[in-house]
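Everything numeric here is computed off the predicted structure, so don't read it as measured data. Residue numbers start from 1 in every chain, and the chains themselves are labelled A, B, ... in the order their sequence lines are given, proteins ahead of strands.
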Amino acid sequence: MRLPRFEYYAPETLEAALSLLEDRGEGAFVMAGGTDMMVKMSHGRLKPKTIISLKSIPGMDMISFDPANGMMIGATTRLADILTDLRIETHYPALIQAVQTMANVEVRNMATLAGNICNAAPSADSAPPLMVMNAEVSLASVRGERRLPLSDFFRGPGLTLMQAGEIMTSIHLPAPQVGRGASYMRISARCGVDIAAVGVGVEVRVQSGVFSEARIVLGAVAPVPLRASGSEASLIGKPLNDETLELVSDMAAHESKPISDVRASADYRKRMVAVLTRRAITQAYERSTARHS
Amino acid sequence: MKHNIKIVVNGDEYSLAVDPWRTLNEALREDLNLTGTKLGCGTGDCGACTVIVDGRAVSSCLTLAVSVDGKSVTTVEGLAPSGDELHPIQEAFIKTGAIQCGFCTSGMEIAALHLLSNNPSPTELEIRKGLSGHLCRCTGYNQIVEAISVAGEKMKKCCHEEERS
Amino acid sequence: MKEYSIIGKDVPRTDAEAKARGSALYTDDIRLPGMLHGRILRSPIAHGIIRSIDTSKASRLPGVKCVITSDDTPKIKYGNWRLFPETQDEYPLAVDKVRFIGDEVAAVAAIDRDTAEEALELIEVEYEELPGTFDVESSRAEGAPVIHDYCPSNVSVNRKIKYGDIEKGFSESDYIREDTFSFQAISHAYLEPCASLAQVDLDGRITLWTSTQTPYIVQCLLASTLGMRENDIRIIKPYVGGGFGGKMELRPWEFCAALMAKKTGRPVKFTLGREEEFLAGRRRHPMKIHSRVGFKKDGTLVAKDLRIQLDGGAYNAMGPTATFLCGNFGAMLYRYPNYRFLGEHVYTNKPPASAMRGFGAPQSLYASEVQMNIAAEELGIDPVDIRLKNAQVSGDQIPDVATISSCGFSESIRAVAEMSGWYEKRKSLKPGQGIGIGCYSFISGGVFNWFNTQYPFSAAEVRVFSDGTAHLLTMASDIGQGSDTVLKQILAEELGLRMEDIRMTSADTAMTPQGDLGTWGSRVTLMAGNAVIDAARKIKEQLFGAISARFNLNVIHHVECKNGRVQATARPDYGMSFGEAVAMVQKANRGEPLFARGSYTPRGKGLVTPAFGFGAQIAEVEVDRETGLVKVKNMWTAHDCGTVINPRSVEGQLAGSIQMGLGYALSEQMVMDGGRTVNVDFADYKMPTAMDMPPSEVVHVDTYEPEGPMGAKETGEGLASPTAPAISEAVYHATGFRCKDLPITPEKILKAI
């Protein structure tokens, strides 16, 4: 119940935020929407000495898009604003599929995509679709800025490649391309609001009726969102049919390394990886062909 | 160190000195004595603490009071125009039987206000989606869904009449 | 049916506006000058001896005003079954031993909640951990750890019911069905966490505002545990955010608030957190049910042998009643000419289970209903038809236990089959779709006086005034179900007044008449309603006498209260306004105010209840055969609650029951790791949301309960039972998977199909 004792700053520039973070060192945490941090703090799992809110930095909540360079989503962009962005709905529907299942209206009015990524929960809904769409994240520190593929970002539950003193400033998605389609499918015990028991993101490229590229990422079945490379490889060169789907989905189940917990057993999770992989590939395929026309 | 913040709650401006770890829920309930906003779980899962901050419905239990400095907050106490009148959402909740124990009610009404401001004619499914972060153990939700639909109709009519006059 | 002016109408709840405005005060909303905040230290281990407790560091923390352990208390045990003191097994704070994770060990009161919380971390407790036992089999095994010294077997209560000749019954059966069922614990999950606020006056008397269903029980048990007199304790029930059975006992924080208020001279408030509620809170009993049922070829029931073991957790709580009622419900719904029941309440090192909406019926009836469905299939009879063949009717008896008075059970079954299109759908649904039926019966309040109250079961005082108004005082407790509105409706109807003419004071033990056993077992409408009518009729006698004298009426005239007037029925002009009539009586009595007391205590009504509600429900589901996810598409309900006093309220209760039944069937469970409750927040305790609720249609079967106020009896609680078996049968119809251990999870379905 009791929140830890911390200092709170809401700097108005990124530079100020970065130097504060550098200055306070260990014990300083960056807050965007705060929804995950507040729960962790109230359960005693996070005890910051300093909280640096990014919400007063102007422009950091922007979403920008251009057909050549793709999409940029700022670190303090709220999930609710992603959901109502027609450009995202048109070009990145798999991201919408993930965001609309995240938490509830109130939390989506506060929480951010960057926060969901930095929290690095194995069940984070946003990670699989972003990873299959080749998302990158921008990290800034007083030493400068770097950009990383999201697929390299996660290191374990709550662990990422972010270094001390770094702040995630934005998330980037490459420009939409003809012939590609992505999908995110997830399952949980309750249809309203729930933490995913399994989530599967798929992006495919279809050329001449066969899959020419594929990325498959499995959520909540390993310590980090898991790239199913074997399944991806086995999809290449094949057409969409029951045989392909069975082969690839079985392989995805095989590649997953779920645990049993309060949300589902490992067995069930493996089975659902197969079901959702099949469904997500099918939908991604449909989207890739829809984009042709 | 306490932070001096100014917030406008239901149209009234307040100056408060708050610890950084004080939640908006605590500030409203304990500092401002606005106890209509409830605390049901403290983890953003039940919706009982919902208030509107600058036009967005948020969980007051997950919001630091200090982060609301300079912002405008609407709570259940801000819905009714006076002691004699009720907001159409409140009227509809009363009339349809959407209120039993009442502990989820203020959060539900605020969620309804947020929903209807963004979508004046929601479908039943949209209402249910809008409420999916709000738990109720008494009503089974159906009369609440009905209330929001009734309130939406009424609010559209009111706006319509205002526009006409 | 009699024409009423207020009964049977959709009267808005009298508390709705205050709740809609956010001005209704719940316990945690109340703050008093100088108030301290309390927190409880709970046991981190499931079973152990307390070697020592050192509170000195906590006491020295600035802002801490009081720290108590059991050594600061009179160490008097309590429990709701006062009639049998040996069942009273709980101390407000653990004495020498802890028995579950969450058992209350010490308490702190400080100037704010954070300081109190911080102080908890400074209390040093040394435990000697003992082996624990976490299910009924291990608790009953040879050499199992003994949880309470007084009870070496760990079986704290057993209950037997027997009638007919069970062996003969089975020997005459053509078909015998034997199954074992198991049930998970679920949480009441009321939205308002428990809260209590105590204040002590200059004479040392205590006022306690508390979120309770049973002010009278709290008053008595708080007095006995503090070694005080009952009349020195005043319990006030503010608005309560739901209870469902989880707030009907004395709770340690009520005791601690009162004791610490005495010790500090300042008001003390405790408000529980949700995590605490889930970790240590009361819950519905996990059970093992073994049931053997015998039928004739044509589907006629011949015999039932029922054995139930309740996993009671560390203390009895309301477990004895649940044990008792399981046996009663096992014999309900259908005519079992030969019946035997053995129920055992078993201690384990888990948080205590207690009363929860349905009180043994959801488990007991699930077993009955699933077995009816299996039997129907194996005997080649439609599930609806086999029920109609065996359905109880008015006048049926459970020997020495209960006699059924009004009963609209068969009508309910027929109505629900009709409205759902049962026979057609049973044949025509596609694979993956299914339809199933479940039925229930429930009590309208309990008869067996386990609390050993010395007062009437319910009481009411009615005061009337010359301005045409009335004041109703009753200790009955509205915890959200709407009983204040219903009692006002009953009084308004009796006195011919409007709702707005009635002021009401309820659930304040110092101001409202003794006594009332509280809100549980669906007792309030029938029992408190009868008390209100009793008081109202005494008032009417006086008013009628005055009218008779004033207009020199022939003694055979009928006089009535109607539309705000008191008048001769045949000659309404021989009458006057209600207020004038009151003034006249008051004058005749030389200024004495006109008031009356009424009461109700069931007598000669067997051991269980004065009246049973009945009903039947049908669920239609769709099962995703790949994921095992179940979507409930539709629910149809037909039920018999006697006269419907407030249709909107009844329908709201019904929908709320479906929500709870849906969760029980499909998603809710307290996941345990040994003695630890694992899912302690709403993210992982999966209660159905607005998105999960199916559309629902309802028919009220028209009956009249002679023992009930204006013919009414229970509603809303019994309905907690049929949803799970109806969904279970629908899932079977859709997939061929028959679930005998709730909940019906996707995993179980997939494993089976």
Side-chain angles (χ1 to χ4, degrees), chain A residues 1-12 28-29 31-57 61 76 78-81 83-84 100-112 115 188 190-195, chain B residues 1-3 5 18-26 39-71 107-108 110-115 118-119 122 125-136 141:
Chain A
M1 279 290 282
R2 176 176 172 267
L3 293 182
R5 275 43 193 148
F6 52 81
E7 294 181 291
Y8 176 89
Y9 298 94
E12 289 175 14
F29 286 79
M31 181 183 267
T35 52
D36 278 323
M37 286 177 72
M38 289 291 283
V39 173
K40 280 187 182 170
M41 288 192 291
S42 66
H43 286 166
R45 297 201 305 265
L46 177 70
K47 291 178 175 163
K49 296 258 186 302
T50 304
I51 285 179
I52 302 164
S53 167
L54 302 181
K55 282 202 282 193
S56 299
I57 302 175
D61 59 351
T76 60
R78 296 172 176 92
L79 297 178
D81 292 336
L83 275 188
T84 52
Q100 70 192 5
T101 59
M102 287 164 70
N104 54 51
V105 172
E106 287 75 20
V107 170
R108 288 197 299 267
N109 273 333
M110 309 164 74
T112 64
S188 64
R190 192 167 59 184
C191 74
V193 178
D194 209 348
I195 295 162
Chain B
M1 190 193 70
K2 289 204 187 220
H3 292 244
I5 61 168
V18 294
D19 285 317
W21 51 85
R22 198 155 186 79
T23 65
L24 177 58
N25 187 267
E26 291 167 329
L39 182 68
C41 69
T43 49
D45 296 311
C46 81
C49 71
T50 303
V51 299
I52 290 179
V53 176
D54 280 357
R56 292 169 184 267
V58 301
S59 306
S60 63
C61 73
L62 296 184
T63 304
L64 293 174
V66 62
S67 74
V68 199
D69 187 16
K71 295 188 173 160
M108 290 279 188
I110 293 291
L113 181 64
H114 176 75
L115 176 73
N118 291 309
N119 179 2
L125 184 64
E126 286 168 335
I127 297 175
R128 288 184 184 274
K129 278 187 179 163
L131 292 184
S132 61
H134 290 254
L135 297 175
C136 171
Y141 308 102

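Residues B:H114 and A:E106 have side chains not in contact (no heavy-atom distance under 4.5 Å, counting atoms from C-beta outward).
The parts of B:S67 that come within reach of chain A are both its backbone and its side chain, each placing non-hydrogen atoms under 4.5 angstrom from that chain. For A:T35, the parts lying under 4.5 angstrom from a heavy atom of chain B are both the backbone and the side chain. In this structure, chain B has heavy atoms under 4.5 Å from both the backbone and the side chain of A:R5. Looking at A:M37, neither its backbone nor its side chain comes within 4.5 Å of chain B, counting heavy atoms on both sides.
Annotation: residues 58-65 of chain B contacts chain A through B:V58, B:S59, B:C61, B:L62, B:T63, B:L64 [non-hydrogen atoms, separation under 4.5 Å]. Using a 4.5 Å cut-off between non-hydrogen atoms, the part of residues 43-56 of chain B that approaches chain A consists of B:T43, B:G44, B:T50, B:R56.
Between chain A and the options B:V66, B:N118, B:T23, heavy-atom pairs under 4.5 Å are most frequent for B:V66. With chain B as partner, the option from A:T84, A:V39, A:V107 having the largest number of non-hydrogen pairs under 4.5 angstrom is A:V39.
When all heavy atoms of A:S42 and B:G42 are compared, the pair lying nearest together is OG-O, 4.2 Å. In terms of heavy-atom proximity, B:H3 sits nearest to A:Y8 at CE1-O, 3.2 Å.
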